[in-house]
2 protein chains.
Amino acid sequence: MDDLTEMLKGTLEGCVLEIIGSEETYGYAVTRQLNELGFADVVEGTVYTILLRLERNGLVRVTKRPSEVGPPRKFYALNEAGREELARFWAKWQYVSSRIDRLKEGGR
Amino acid sequence: MDDLTEMLKGTLEGCVLEIIGSEETYGYAVTRQLNELGFADVVEGTVYTILLRLERNGLVRVTKRPSEVGPPRKFYALNEAGREELARFWAKWQYVSSRIDRLKEGGR
DNA sequence: CTCTACTACTCGGTGATACCGTGTAGTGGT
DNA sequence: ACCACTACACGGTATCACCGAGTAGTAGAG
């Protein structure tokens with residue numbers, strides 16, 4: 001699949017929220033999960049900028065822990081504000097995607 | 001529904017392509033159709049920038065015709081390149097939306 | 001006949017977002 | 001010693017939707 005970056009704007013952050021909402025994890029692993037999920041071209045730098053933004057916006061709790069296979073990891077977990085933001089994201093997604101699907105089916 | 005602009009990035013242009021692909025129409029009417037479709041906050045300036053971009057990228061045929069109720073209208077229709085772009089858009093949409101829905105359902 | 005509302009298009013500037021490239025650094029295998 | 005993999009940070013870029021203001025044409029109300 002060719003370039004998806006424009007279509008991911010506004011949704012990739014929500015995907016990262018969902019991933020770290022389902023289990024406490026760190027940037028490198030989030031990138032790998034996104035790649036396996038089908039977003040093969042999403043690269044570490046992109047995920048880290050999103051994580052730093054989430055931290056700056058107070059949506060996550062961050063815990064630094066050593067790793068046995070490399071540098072220390074920054075583990076991210078959603079706080080209450082993060083869970084609310086995630087819920088808002090899915091509500092928006094539901095709204096937008098249903099309307100686009102309707103447009104696709106010629107429902108006008 | 002609160003602010004959808006970030007989530008519409010990369011998809012709104014596709015929606016406009018779909019609308020003018022199903023029938024030759026003009027900017028003001030496209031805006032009204034988007035509003036009725038549920039994208040209530042999409043405003044004329046946004047649609048016109050998209051239409052000018054489509055024109056610049058050679059995806060549309062443009063015909064200026066007088067109107068009985070106001071200034072002349074610029075009617076837009078897809079050309080062959082536009083139809084190909086529209087098909088690519090729906091393929092991308094199918095790809096991205098299915099994967100996001102899978103993530104939502106916890107399919108990891 | 002002026003004023004307002006609706007129709008219709010243009011354009012310069014802004015903010016948000018994902019991406020690119022590069023740099024730094026820790027661990028382990030050959 | 002070298003390389004691969006892991007792990008994070010950061011400055012700069014392109015794209016996109018949006019904002020705001022401007023320019024016009026028609027028609028109806030007062």
Side-chain angles (χ1 to χ4, degrees), chain A residues 1-17 20 25-35 39-57 59-60 62-76 85 89 92 96 100, chain B residues 1-17 20 25-35 39-57 59-60 62-76 85 89 92 96 100:
Chain A
M1 179 62 54
D2 45 295
D3 194 29
L4 304 174
T5 81
E6 290 311 323
M7 199 171 280
L8 290 178
K9 287 194 179 173
T11 60
L12 194 56
E13 179 178 316
C15 293
V16 172
L17 275 174
I20 69 180
T25 182
Y26 55 99
Y28 190 82
V30 170
T31 310
R32 292 293 91 79
Q33 283 187 59
L34 285 168
N35 296 152
F39 305 118
D41 296 337
V42 173
V43 86
E44 289 151 47
T46 301
V47 174
Y48 290 119
T49 51
I50 291 174
L51 290 173
L52 291 174
R53 191 163 68 230
L54 296 179
E55 189 176 356
R56 195 174 64 237
N57 294 345
L59 302 175
V60 288
V62 186
T63 317
K64 202 162 193 170
R65 299 209 193 93
S67 162
E68 303 98 29
V69 294
R73 295 165 172 167
K74 280 177 71 176
F75 281 83
Y76 293 83
E85 181 61 29
F89 167 73
K92 275 195 207 181
V96 169
I100 291 179
Chain B
M1 179 62 51
D2 45 297
D3 193 28
L4 304 175
T5 80
E6 291 310 323
M7 199 171 279
L8 290 178
K9 289 200 176 167
T11 61
L12 194 56
E13 179 178 316
C15 293
V16 172
L17 275 174
I20 68 182
T25 182
Y26 55 99
Y28 190 82
V30 170
T31 310
R32 292 292 92 80
Q33 282 187 58
L34 285 169
N35 295 153
F39 305 117
D41 296 337
V42 173
V43 86
E44 288 151 48
T46 300
V47 174
Y48 289 119
T49 50
I50 292 173
L51 290 172
L52 291 174
R53 190 163 67 232
L54 296 179
E55 189 175 357
R56 195 174 64 238
N57 293 344
L59 301 176
V60 288
V62 185
T63 317
K64 202 162 193 171
R65 299 209 194 93
S67 161
E68 304 97 31
V69 293
R73 296 165 172 167
K74 280 177 72 176
F75 281 83
Y76 292 84
E85 182 60 29
F89 166 72
K92 275 195 208 181
V96 169
I100 291 179

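Hydrogens, waters and symmetry mates play no part in the numbers below; they use all other heavy atoms, side chains included. A, B, ... follow the sequence lines: proteins, then strands. Residue 1 opens every chain.
If you take CG of A/L8 and C1' of D/dT15, they are 13 Å apart, rounded to a whole angstrom. Rounded to whole Å, atom P of C/dG15 lies 16 Å from atom NZ of A/K9. The distance between atom CD of A/E6 and atom P of C/dA16, rounded to the nearest whole Å, is 16 Å. At whole-Å resolution of the value, CD in A/E68 and C1' in C/dA25 are 17 Å apart. Atom pair A/Y26:OH and D/dC5:C1' shows a separation of 12 Å (rounding to whole Å applied). In this structure, the CZ atom of A/F75 is 11 Å from the C1' atom of D/dA7, given to the nearest Å. In this structure, A/K64 atom NZ and C/dG26 atom P are separated by 11 Å, rounded to whole Å. Distance, B/Y28 OH to C/dT10 C1': 16 Å, rounded to whole Å.
Nucleic acid contact for B/T5: sugar-phosphate only, since backbone atoms but no base atoms lie under 4.0 Å from a heavy atom of the residue. Nucleic acid contact class of B/L51 (heavy atoms, under 4.0 Å, all strands): none.
For B/K74, whose side chain is taken as the heavy atoms from C-beta onward, the closest listed nucleotide among C/dT10, D/dC10, D/dA17 is C/dT10. Each of C/dA18, C/dC11, C/dC9 was ranked by its minimum atom distance to the side chain of B/E44; first place goes to C/dC9.
Atom CG of A/N57 sits in a crowded spot, with more than 12 heavy atoms from other residues, nucleotides or ligands closer than 6.0 Å. For B/N35, the CG atom is densely surrounded, since the number of other residues' heavy atoms within 6.0 Å is greater than 12.
Taking side-chain N and O atoms only, A/T46 has a distance below 4.0 Å to OP1 or OP2 of C/dC19. The shortest distance between the side-chain N/O atoms of B/S67 and the OP1/OP2 oxygens of C/dT7 is not below 4.0 Å.
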Decide yes or no on salt bridge (Lys or Arg N to Asp or Glu O under 4.0 Å) for B/E68 and B/R73, but give the supporting numbers first.
-> CA-CA 10 Å; B/E68 304 97 31; B/R73 296 165 172 167; 5.6 Å; no
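For the pair B/D3 and A/K92, the tightest heavy-atom approach, listed with the atom from each and the gap, is O-NZ, 2.7 Å. Counting all heavy atoms, side chain and backbone alike, B/M7 lies closest to A/T11 at CG-CG2, 3.9 Å.
Residue A/P71 is the one, among A/P71 and A/G45, whose nearest nucleotide of DNA chain D lies closer to the 5' end (criterion: closest heavy atom). Nearest-nucleotide positions on DNA chain D for A/G70 and B/R53 put A/G70 closer to the 5' end. Two residues, B/A29 and A/G10, neighbour DNA chain C, and the one matched to the more 5' nucleotide by heavy-atom proximity is B/A29.
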